[in-house]
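Working notes, structure below.
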There are 2 protein chains.
Amino acid sequence: MRDIKLSESQPKQRLLAAAEQLFAEKGFESVAVRDVTQLAKANVAAVNYHFGSRDRLVALVVARYLAPFNQERLDRLDVLERRAPSKVVPIEEIIHALIRPLVGMVGKTELSEALFCKLLGRILALPEEALSAEVVEQMKVSNNRFMRAIGKVLPTVPQEDLQWRMHFLVGSLVHLLTHQDWLRSLSNGTSGSPALEVMLGRFVRFAAAGLREGVEIEVSAPTGPQALFDF
Amino acid sequence: MRDIKLSESQPKQRLLAAAEQLFAEKGFESVAVRDVTQLAKANVAAVNYHFGSRDRLVALVVARYLAPFNQERLDRLDVLERRAPSKVVPIEEIIHALIRPLVGMVGKTELSEALFCKLLGRILALPEEALSAEVVEQMKVSNNRFMRAIGKVLPTVPQEDLQWRMHFLVGSLVHLLTHQDWLRSLSNGTSGSPALEVMLGRFVRFAAAGLREGVEIEVSAPTGPQALFDF
DNA sequence: GTCTATAAAGTGATAGAC
DNA sequence: GTCTATCACTTTATAGAC
């Protein structure tokens with residue numbers, strides 16, 4: 001599990017990459033400053049010099065992933081709604097807007113796909129108190145926009161039910177990202193760890209069905225929802 | 001958040017109750033032995049004397065909740081299958097067998113309902129390496145039994161898909177139990193924290209729809225699935 | 001910017017008196 | 001069983017030399 005790029009000559013970048021890898025592997029609470037500096041082959045004091053404190057390093061990593069994630073979510077939702085100003089946007093496409101940003105982000109990271117997933121799962125599972133006020137606000141804005149969009153597609157479902165179902169959806173996503181070990185173990189290796197793309201495909205079908213529960217018109221779900229969206 | 005019963009005269013019971021409360025509130029990794037002894041009004045050495053070590057205390061708490069939880073899950077599934085040996089068991093009732101044990105357990109604990117939920121959510125979100133071999137085996141047995149039962153109700157869904165959907169289901173449950181703070185915050189207080197019963201009702205509908213995704217016959221879902229089951 | 005040295009507080013665990 | 005005292009170690013952070 002040593003996939004830090006030591007080619008990064010700047011110590012600050014090395015420290016950041018090392019921190020992200022370790023946070024992904026062991027969680028934010030279980031990583032000591034010394035673990036980071038050791039993996040980054042930097043000095044013990046380097047984290048405090050470059051980032052101020054351990055807490056500020058954590059906050060930086062969280063914001064560095066959460067901000068663009070939420071931004072691209074909103075951008076994708078904008079595209080969807082602009083494309084169909086009057087028509088309702090299919091629920092599958094809304095869910096895609098909610099999760100596909102992961103695929104774009106994994107390409108830009110130094111982390112392996114598996115570690116990137118774990119890191120984002122851990123970030124999305126943080127309690128509200130662990131996040132800065134700005135990040136919490138971002139989460140609320142994103143949630144509000146998506147809740148309104150989903151409310152338009154499923155007008156017969158009470159808003160409170162939708163809020164709960166969104167909560168369940170996030171839980172499924174977090175678990176998918178963070179705990180693939182259990183899936184492999186429980187299925188006796190039958191269900192391996194496929195590419196992120198494939199996992200998200202399964203996820204969309206599950207989540208769409210859950211959100212739509214109780215809505216009579218089930219005809220709007222073609223077998224290949226991805227085909228409706230040009231990535 | 002101080003709801004430890006100091007009436008428990010036995011120090012060992014006080015320590016256990018204090019540990020459970022703190023683990024629920026802050027997570028297993030963020031609780032020091034000294035936090036536990038302090039809340040239990042016991043000596044610093046008490047945890048090591050009564051439980052051997054911090055790790056053994058954690059393992060005890062985990063096993064104390066996970067073992068009866070899994071056991072009652074299996075018992076309930078037995079009842080369902082014995083009741084309908086030839087007929088298929090509705091998916092809603094299988095999910096009920098999977099989650100209703102929580103309701104019975106919350107009554108037997110000294111913890112408040114909110115803390116009980118958090119504790120069980122944290123336990124269900126532990127990585128496999130953090131669990132003893134026995135507990136892992138229990139989880140596998142339970143999973144296999146339920147996977148077979150669900151496979152019988154949804155024979156047209158490939159087993160691998162069902163395994164993934166079960167994984168999503170567990171994620172939703174963990175999130176529901178552990179992160180209600182986000183739900184309250186994101187809904188601007190609209191979606192409060194109702195009784196466990198109500199939350200599980202919402203959960204069953206969401207999870208059942210997700211598991212059933214793609215199965216044509218959608219007629220078998222009455223509006224009140226709870227009414228089919230006599231608790 | 002990078003290093004060593006060290007501070008100051010916290011960690012789990014234990015020996016030994018009572 | 002319960003307590004105090006303490007060990008051996010780790011933690012984050014910083015002062016000051018280079």
Side-chain angles (χ1 to χ4, degrees), chain A residues 4-64 119 122-123 126-127 129-132, chain B residues 4-64 119 122-123 126-127 129-132:
Chain A
I4 275 294
K5 286 190 186 171
L6 293 171
S7 50
E8 293 283 358
S9 47
Q10 290 87 353
K12 190 167 178 175
Q13 299 308 314
R14 285 214 320 273
L15 287 165
L16 202 54
E20 288 172 359
Q21 178 182 331
L22 290 170
F23 289 155
E25 285 174 3
K26 310 203 288 173
F28 293 103
E29 322 220 308
S30 308
V31 175
V33 171
R34 292 175 130 80
D35 300 332
V36 177
T37 54
Q38 190 176 344
L39 179 56
K41 293 198 203 302
N43 193 267
V44 228
V47 160
N48 283 282
Y49 177 79
H50 286 286
F51 303 98
S53 73
R54 183 192 183 282
D55 281 352
R56 310 239 292 128
L57 172 60
V58 172
L60 178 66
V61 171
V62 170
R64 238 171 73 91
L119 182 58
R122 301 208 127 108
I123 291 174
L126 285 173
E129 325 96 65
L131 269 48
S132 71
Chain B
I4 274 294
K5 286 189 187 171
L6 293 172
S7 51
E8 294 282 358
S9 46
Q10 290 88 354
K12 189 166 180 178
Q13 299 309 314
R14 286 214 319 275
L15 287 166
L16 202 54
E20 288 172 0
Q21 178 182 331
L22 291 171
F23 289 154
E25 284 173 5
K26 312 203 288 175
F28 293 103
E29 321 221 308
S30 308
V31 176
V33 170
R34 291 174 138 81
D35 300 332
V36 176
T37 55
Q38 190 176 344
L39 179 57
K41 294 200 204 299
N43 193 266
V44 229
V47 160
N48 283 281
Y49 176 78
H50 286 287
F51 303 99
S53 73
R54 184 193 183 280
D55 281 353
R56 309 237 293 126
L57 172 60
V58 172
L60 177 66
V61 170
V62 170
R64 239 172 71 92
L119 183 58
R122 299 206 128 108
I123 291 174
L126 285 173
E129 323 96 65
L131 269 48
S132 70

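In what follows, every heavy atom counts, from backbone to side chain, and hydrogens, waters and symmetry copies are set aside. Just so we're on the same page: letters track the sequence lines, and every chain starts at 1.
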Using whole Å, what does the distance between atom [atom2] of nucleotide [N] and atom [atom1] of [X] come to?
X: A:Phe28; N: D:dT12; atom1: CZ; atom2: P; answer: 15 Å
X: B:Asn48; N: C:dA15; atom1: CG; atom2: P; answer: 11 Å
X: B:Lys12; N: D:dG1; atom1: NZ; atom2: P; answer: 8 Å
X: B:Gln10; N: D:dG1; atom1: CD; atom2: C1'; answer: 13 Å
X: B:Gln38; N: D:dC3; atom1: CD; atom2: C1'; answer: 16 Å
X: A:Phe51; N: D:dA13; atom1: CZ; atom2: C1'; answer: 16 Å
X: A:Arg56; N: D:dA13; atom1: CZ; atom2: P; answer: 11 Å
X: B:Leu57; N: C:dA13; atom1: CG; atom2: C1'; answer: 14 Å

Note to self: Consider side chain to side chain contact (heavy atoms under 4.5 Å, CB included). Of A:Leu119, A:Leu57, A:Leu22, which one does A:Phe28 pass it with?
What the structure shows: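 Option passing the side chain to side chain contact (heavy atoms under 4.5 Å, CB included) with A:Phe28: A:Leu119.
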
Next item on the list: Go through the structure and list residues passing side-chain hydrogen bond (donor to acceptor under 3.5 Å, both in side chains) with B:Arg64, not counting sequence neighbours.
Entry: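 side-chain hydrogen bond (donor to acceptor under 3.5 Å, both in side chains) list for B:Arg64, sorted by chain: B:Glu20.
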
Note to self: Restricting to side-chain hydrogen bond (donor to acceptor under 3.5 Å, both in side chains), what partner residues turn up for A:Ser132, sequence neighbours left out?
What the structure shows: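 Testing A:Ser132 for side-chain hydrogen bond (donor to acceptor under 3.5 Å, both in side chains), a comparison that skips the adjacent residues, returns A:Glu134.
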
Please tabulate the protein-to-nucleotide N/O contacts below 3.5 Å involving nucleotides 4-11 of chain C, giving atom names and distances.
from  : atom 1 : to      : atom 2 : distance (Å)
C:dT4 : OP2    : A:Asn43 : ND2    : 3.2

Next item on the list: Can you tell me which residue pairs pass the salt bridge (Lys or Arg N to Asp or Glu O under 4.0 Å) test with a partner in residues 27-37 of chain A, sequence neighbours excluded?
Entry: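 Sorted result for residues 27-37 of chain A: A:Lys26-A:Asp35.
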
Checklist line | Residues in side chain to side chain contact (heavy atoms under 4.5 Å, CB included) contact with B:Gln13, at least two apart in sequence or another chain | finding: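 For B:Gln13, the residues satisfying side chain to side chain contact (heavy atoms under 4.5 Å, CB included) (neighbours in sequence not counted) are B:Glu8, B:Gln10, B:Leu16.
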
Can you give the donor-acceptor pairs under 3.5 Å from side chains of residues 42-49 of chain B to other protein atoms, not counting sequence neighbours?
from    : atom 1 : to      : atom 2 : distance (Å)
B:Asn43 : OD1    : B:Ala45 : N      : 3.0

